[in-house]
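First the structure, in the form of structure tokens, and then the observations on it.
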Amino acid sequence: MRFDIEAFRVLDLVIREGSFGKAATALHKAQSAVSYQMKKLEQQLDVPIFDRSSYRARLTPAGRAIWNESKRILRHSKRLEALAKHYTQGWEPTLELVIDESLPMEPVMRALKRLSDQEVPTRIQLKVEALGGVQMRFTLDEADMMLVKDYHPTPYLKALPLPR
């Protein structure tokens, strides 16, 4: 079954505005276009969303359930749009970080907290290793970054000193 998310937006607006006419005005569309879109949604879902037996169309019990679920879908679609926007702005989906256990964790955790507070969409995986295990874990797991005290240079890695 396929349906248009835009139809759920229109359904939500019809219900919030209280009528097809008010929703049409808010959308800068003809009322017939809004009515047609709702009728098409009912056909796609094969469920009567509105009871049209009286002057004003009212939600059916099934319509109310569909509206509630459609609000959830709309919230998810907004989150998906925001996530996509973050990625187009250069954020990575994941970051794998391997840290030497002899380094102080407080600055690392403070940095991770700042990312979380800013709702950065990157999923961060943090691994803590000891001694030579850091560079080995970094290589084996193909991690993105390592924070290590004793770095063993290789031609494939670029070392950057951390500020104090």
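Everything numeric here is computed off the predicted structure, so don't read it as measured data.
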Handout entry: Contact summary for Pro48 and Ala62, nearest pair of heavy atoms
Key = O-CB, 4.3 Å
Practice task
Could you tell me whether the side chain of Phe138 reaches within less than 4.5 Å of the side chain of Leu157, counting heavy atoms only?
Solution key: yes
Exercise for the section: Compare every heavy atom of Lys22 with every heavy atom of Glu17, then report the nearest pair and how far apart it is. Expected result: O-CD, 3.3 Å
Handout entry: Thr60 (side chain) donor-acceptor with Asp51 (main chain) under 3.5 angstrom
Key = no
Practice task
Test Ser70 against every option in Ile5, Leu11, Leu41 by the side-chain contact (heavy atoms from CB on, under 4.5 Å) rule and name the one that passes.
Solution key: Leu11
Handout entry: Stepwise side-chain contact (heavy atoms from CB on, under 4.5 Å) test for Ser77 and Arg9
Key = CA-CA 11 Å; Ser77 85; Arg9 286 188 180 104; 3.5 Å; yes
Handout entry: Residues Arg58 and Ser54: side-chain donor-acceptor under 3.5 angstrom
Key = yes
Exercise for the section: Determine whether more than 12 heavy atoms belonging to other residues, nucleotides or ligands lie under 6.0 Å from atom CD of Glu6. Expected result: yes
Fill in the blank from the handout: Here the gap from Gln135 atom CD to Leu140 atom CG, rounded to the nearest 0.5 Å, amounts to 11.0 Å
Exercise for the section: Quick one: list whatever passes side-chain contact (heavy atoms from CB on, under 4.5 Å) with Arg52, sequence neighbours left out. Expected result: Phe20, Met38, Lys39, Glu42, Phe50, Ala57
Problem - Lys85 atom NZ, neighbour heavy-atom count above 12 within 6.0 Å - result: no
Handout entry: Gln37 side chain near Lys29 side chain, heavy-atom distance below 4.5 Å
Key = yes
Cut-off 3.5 Å, no hydrogens considered: what does the side-chain donor-acceptor table look like for residues 92-112, sequence neighbours left out?
| unit_1 | atom_1 | unit_2 | atom_2 | d |
| --- | --- | --- | --- | --- |
| Glu96 | OE2 | Lys127 | NZ | 3.1 |
| Asp100 | OD1 | Ser102 | N | 2.9 |
| Asp100 | OD1 | Ser102 | OG | 2.8 |
| Asp100 | OD2 | Lys149 | N | 3.4 |
| Glu106 | OE1 | Arg110 | NH1 | 2.7 |
| Glu106 | OE2 | Arg110 | NH1 | 2.4 |

Handout entry: Distance in Å, Asn68 CG paired with Leu59 CG, rounded so as to fall on 0.5 Å steps
Key = 9.0 Å
Handout entry: Contact check, side chains of Lys113 and Asp117, non-hydrogen atoms, under 4.5 Å
Key = yes
Practice task
Determine whether Lys78 and Arg75 make a side-chain contact, defined as any pair of heavy atoms from C-beta on separated by less than 4.5 Å.
Solution key: no
Practice task
Treat each ILVMFWY residue as a node, draw an edge where side-chain heavy atoms are under 4.5 Å apart, and state whether Tyr36 and Val47 are in one component.
Solution key: no
Handout entry: Closest non-hydrogen atom pair between Leu13 and Ala23, with its separation
Key = CD2-O, 3.8 Å
Exercise for the section: Please answer: with hydrophobic residues joined when any side-chain heavy atoms are less than 4.5 Å apart, are Met136 and Leu147 in the same cluster? Expected result: no
Practice task
Please tell me if the side chains of Thr122 and His86 come closer than 4.5 Å, counting only heavy atoms from C-beta onward.
Solution key: no
Problem - Minimal non-hydrogen separation, Phe8 against Leu74, with atom names - result: O-CD1, 3.7 Å
